[in-house]
Every structure is written in structure tokens, then in C-alpha cells.
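Presented below is the structure to which this report refers.
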Amino acid sequence: MPKMTFIKPGGERVEVEAPLGLSVLEIAHRNNIDLEGACEGSLACSTCHVIVDPEWYDVLEGASEDEEDMLDLAFGLTHTSRLGCQIKMTDELDGLTVSLPQATRNMMVEK
Ligand code: FES
């Protein structure tokens with residue numbers, strides 16, 4: 001079973017099992033990692049924003065235009081930012097490491 005690592009905002013590293021075909025968002029939820037994903041993967045929010053380890057960024061398939069548009073709205077955008085719901089686990093991604101951003105901006109629940 002492939003594995004991946006989440007780095008929490010405080011710097012704690014959590015290695016978890018990463019079943020093939022699941023998204024980084026789904027893997028986070030299975031492991032009680034605090035990644036929100038307000039729209040459940042339908043590219044309508046940016047709360048599943050993760051910062052991909054630069055070593056891994058180029059291994060990922062490129063972001064779609066819709067993903068890029070949503071990412072533009074993410075808080076604390078970086079050069080290796082992606083939306084966690086759009087990264088699907090494959091054998092090549094065994095060992096993937098992503099950081100959780102310090103904060104997210106959630107337009108869907110803001111009052
Ligand atoms: S969960 Fe909303 S875009 Fe990923």
C-alpha cells in the first residue's frame with residue numbers, strides 16, 4: 001500500500017496509508033487530518049488547498065484550468081500549491097508529501 005505524508009501547520013509530520021485512486025482530500029479525511037474540502041471535490045472551493053513538496057510537484061499531473069482558477073482564490077497560495085481533491089493517488093506518488101497551509105479562506109461558510 002502506498003503511503004503519503006501530511007505536514008501540519010505546526011510542523012508535525014503524519015505518515016498515512018494512501019490507497020490507490022483516492023484523492024489527497026479523501027486520504028486526509030480517512031486519517032482525521034484537518035483538511036476541509038467544503039465542496040467535496042467538485043472544484044467549487046479552495047479549502048482543500050495543500051502545498052506540495054517541491055520534490056513531488058513535478059511528478060503530479062498538471063492542474064486543469066478550473067483548478068488553477070480556484071487556486072487563485074486560495075489563501076497563502078504558493079508555487080507548488082494544488083487542490084487536494086484533484087490529486088489522485090497512483091503508484092508513482094508513493095511517498096508524496098504535502099503541507100497543510102496555515103489558514104484557509106472558506107467562502108462557502110463565511111457569514
Ligand atoms: S474540495 Fe472543494 S475544490 Fe477541492
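In listed order, ligands and their atoms are each counted from 1.
Crowding of D69 atom CG: a count of heavy atoms from other residues, nucleotides or ligands under 6.0 Å exceeding 12. Environment of CD in E15: crowded, with over 12 heavy atoms of neighbouring residues, nucleotides or ligands closer than 6.0 Å.
Under the side chain to side chain contact (heavy atoms under 4.5 Å, CB included) rule, C48 has a single partner from V24, L83, I87, which is L83.
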Please report the C-alpha distance between L93 and M4 in whole Å, then the side-chain angles of each, then the deciding distance to 0.1 Å, and finally whether the side chain to side chain contact (heavy atoms under 4.5 Å, CB included) criterion is met. CA-CA 8 Å; L93 295 182; M4 67 165 292; over 6 Å; no
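When atom types are taken as modelled, the side chain of T97 and the backbone of T5 share no donor-acceptor pair closer than 3.5 angstrom.
Only protein N, O or S atoms were scored, and 2 of them lie under 2.8 Å from atom 4 (Fe) of ligand 1.
Considering all non-hydrogen atoms of both residues, F6 and I27 come closest at CE1-CG2, 4.0 Å.
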